[in-house]
Protein chains: 2
Amino acid sequence: MGPGPSNPYPEVIEAFTRPVMGHLDGAFLDLLDETCDRLRAVFRTGNTLTFPVSGTGSAGMEAAFVNVVRTGDAVVVGVNGVFGERMCDVAARCGAEVVRVDADWGEPLDPQRILDAHPAPAVIAVVHAETSTGVRNDLAELGAAKGDALLLADCVTSLGGIDVRLDDWGVDIAYSGTQKCLGVPPGLAPVSVSPRAVERMRCRPQSWYFDMGMIADYVTGGGARAYHHTAPISMIYALHAGLGVVLDEGLEESHCRHQRCGDMLQDELEARGFSLAARAGARLPQITAVRVPESRLPPSMTEADVRRTLLDHYGIEIGGGLGPWAGQCWRIGSMGHTARRRNVTLVLAALDAVLG
Amino acid sequence: MGPGPSNPYPEVIEAFTRPVMGHLDGAFLDLLDETCDRLRAVFRTGNTLTFPVSGTGSAGMEAAFVNVVRTGDAVVVGVNGVFGERMCDVAARCGAEVVRVDADWGEPLDPQRILDAHPAPAVIAVVHAETSTGVRNDLAELGAAKGDALLLADCVTSLGGIDVRLDDWGVDIAYSGTQKCLGVPPGLAPVSVSPRAVERMRCRPQSWYFDMGMIADYVTGGGARAYHHTAPISMIYALHAGLGVVLDEGLEESHCRHQRCGDMLQDELEARGFSLAARAGARLPQITAVRVPESRLPPSMTEADVRRTLLDHYGIEIGGGLGPWAGQCWRIGSMGHTARRRNVTLVLAALDAVLG
């Protein structure tokens with residue numbers, strides 16, 4: 001119940017046991033095609049270029065920026081947590097002139113300030129669900145008013161847990177991770193790129209491994225697949241299975257389940273006198289940042305001791321704070337297969353027992 | 001029995017079924033440390049910076065170049081197959097002045113020509129086992145005479161299948177893949193970097209995801225692990241298990257098994273009148289390129305039809321040729337768990353049956 005990886009769905013673990021096929025085997029390519037179709041369904045997009053990047057969520061971030069940013073491009077980045085900070089670093093390494101728009105940690109970004117930050121940015125980049133703070137940032141308002149800019153969104157923690165609508169919201173490039181609300185172990189980064197962004201993709205970007213023009217010839221090549229790199233076969237089986245579980249349950253129902261668990265956790269924490277770190281009205285259900293209740297820690301226990309006790313005595317992982325919130329916050333996730341009433345009930349009862 | 005992925009060891013598949021731990025969980029970090037120890041054993045190195053990059057073998061190639069190449073650096077690349085070509089592309093995108101030294105496909109590289117190609121290269125880069133041709137290139141002679149240059153080696157197909165001795169041979173940066181002779185599905189790229197190369201690593205390379213300075217704070221951080229990106233937990237379980245199988249068998253014995261299978265396959269192919277594509281004396285045991293016997297193809301069957309028949313009727317995958325050898329060669333692998341006498345016997349018998 002940390003900020004991810006979450007527990008995988010049982011069907012995902014079963015998928016890992018399938019025989020490993022070759023990356024050019026027709027049966028594998030059919031499964032890859034179906035995986036990409038399933039990604040289009042959860043991203044709610046018709047984008048042809050939708051596929052899993054062969055790396056973890058941060059690889060998705062790098063693949064997103066490296067294919068569209070040119071040296072000197074103005075890239076406006078909204079920053080209200082670790083992953084917005086990371087976007088600035090990645091964009092700068094791609095040669096961007098980064099224009100950052102900060103909000104306090106725990107507060108959502110103000111879309112108008114982002115839109116006003118530069119007269120003609122090449123890219124506007126925002127984290128949809130900030131894993132470091134539990135805050136949801138609005139994408140639709142940015143998409144509606146982005147003008148000529150490309151809208152780039154980090155959907156690592158949002159996809160499968162809350163509504164993500166790339167086409168309705170005008171998101172041009174989105175990436176995610178498998179280990180949050182999709183219920184799959186970490187290792188792949190689903191990405192989706194709009195036709196508008198495909199037109200602006202760089203020819204021969206500084207990264208060969210993340211060169212989407214070359215990768216597209218493999219993943220969307222139809223009958224004539226050009227080998228780029230060996231696909232991570234077993235991880236793709238796992239993603240295919242996890243997406244199957246999500247879509248069988250129904251995307252809306254998956255979102256509702258995450259919402260119910262998040263509401264229960266947050267209501268119960270507040271009822272116990274805990275202080276939630278994210279602004280009310282911008283809280284994510286799937287990841288809850290709660291301030292460490294210093295006055296309630298047992299004598300001689302630090303916040304890290306509490307987390308260790310939860311892990312050692314109850315088999316429950318919760319996360320510590322990152323960056324300025326290290327030692328100040330806990331982060332409790334209820335994502336994917338982990339987003340169950342029984343798990344929320346257990347973590348609350350275990351916290352009660354440890355804090356006394 | 002293609003050029004990889006090979007069939008995983010059963011212990012590897014079992015490892016996939018373990019519960020997913022967090023990437024900062026002490027028990028996971030112990031397993032990661034042990035995985036890195038095992039990598040040091042198979043690479044035969046004492047290099048502290050030895051770990052699995054979170055991507056496939058080509059991610060290892062990119063990570064290797066991007067951390068040591070600076071704009072304008074002379075990088076000498078030996079090219080006698082697809083993966084030497086790829087090195088040129090990757091190095092150029094890192095800003096290198098690439099000096100390529102070609103040998104004909106099927107021929108090994110001439111170390112002296114590589115050493116003579118530039119008076120003071122920053123990096124000399126060579127593929128140890130060319131998967132596209134089945135040729136072994138010598139590393140020891142380059143390491144002994146490299147001077148001030150760093151020696152960078154692609155060990156994707158060599159590691160676990162033939163002798164690899166980073167320290168004895170003076171290799172400074174090596175990368176590999178999991179899906180060849182280690183008997184693990186694709187998805188990770190083991191890398192190892194000598195202290196000499198660590199000293200020359202770039203601060204803030206153009207890639208964030210492959211920034212080894214940052215990754216080192218996580219993988220070799222001891223008690224204080226700095227989160228970089230979420231490690232691909234289940235793939236690391238799999239690699240840990242695969243390396244365990246290799247080391248339990250014994251590295252020498254694993255090499256001998258690959259050699260016996262390769263010798264048997266190559267002798268039997270030649271006894272049948274097939275022509276091997278790699279120069280005698282430089283042939284790898286784990287991957288055999290054999291010229292398509294045009295005169296022996298059944299009427300109205302192409303070489304691709306033969307491969308498809310092997311797959312559909314016998315459950316055997318063999319690879320086609322790449323680049324200039326497309327349609328000209330087959331590539332038959334006997335790697336990792338697949339390197340068994342029974343499999344070699346089967347592929348030969350199946351070829352006999354299909355070719356008539």
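Here is the naming used below: chain letters follow the sequence lines, and residue numbers restart at 1 for every chain. Given the structure is predicted, the values throughout are model-derived calculations rather than measurements.
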Counting heavy-atom pairs under 4.5 Å with chain B, the top scorer among A/Gly319, A/Pro185, A/Ser58 is A/Ser58
Note: vs chain B, highest number of non-hydrogen pairs under 4.5 angstrom among A/Arg204, A/His229, A/Gln179 is A/Arg204
Under 4.5 Å to a heavy atom of chain A? For B/Ala238 that would be neither
Value for OG1 (A/Thr56) from NE2 (B/His228), rounded to nearest 0.5 Å, stands at 9.0 Å
Applying a strict 4.5 Å limit to non-hydrogen atoms, the region of B/Leu24 in contact with chain A is neither
Scanning both residues in full, the closest heavy-atom pair of A/Asp25 with B/Leu311 reads OD2-CD2, 3.6 Å
Q) Is it true that atom CD of B/Glu303 has more than 12 heavy atoms of other residues, nucleotides or ligands lying nearer than 6.0 Å? A) yes
Tightest non-hydrogen contact, residues A/Thr17 and B/Ile13, listed as CA-CG2, 3.6 Å
Is the side chain of B/Glu62 donor-acceptor paired with the backbone N or O of A/Trp208 at a distance under 3.5 Å, no angle test? yes
Whether over 12 other heavy atoms sit under 6.0 Å from B/Glu85 CD: yes
*asked:* Could you check whether B/Phe210 and A/Phe210 have their ring centres less than 6.0 Å apart?
replied: yes
Q) Got a donor-acceptor contact below 3.5 angstrom from the A/Tyr209 side chain to the B/Met61 backbone? A) no
Note: vs chain B, highest number of non-hydrogen pairs under 4.5 angstrom among A/Gly26, A/Gly22, A/Ala59, A/Cys94 is A/Ala59
Note: A/Pro232 and B/Gly187 closest approach over all heavy atoms is CB-CA, 4.0 Å
If one checks every heavy atom of B/Tyr237 against chain A at 4.5 Å, the contacting part turns out to be neither
- request: With the side chain counted from C-beta on, respond yes when A/Val20 and B/Pro8 share a heavy-atom pair under 4.5 Å apart, and no when they do not.
  value: yes
Rounding to 0.5 Å, atoms NE2 (A/His23) and CD (B/Glu317) come to a distance of 8.0 Å
Whatever's closer than 4.5 Å to a heavy atom in chain B on A/Phe83 counts as side chain
Heavy atoms of B/Ala231 and A/Pro186 approach each other most closely as O-CG, 3.2 Å
**Report entry** pair A/Pro205-B/Arg93: side-chain heavy atoms closer than 4.5 Å
**Finding:** yes
Assert top hit (heavy-atom pairs under 4.5 Å, partner chain B, pool A/Gly4, A/Ala63, A/Gly55, A/Pro5) equals A/Pro5
CD (B/Gln206) and OG (A/Ser207) are apart, to the nearest 0.5 Å, by 8.0 Å
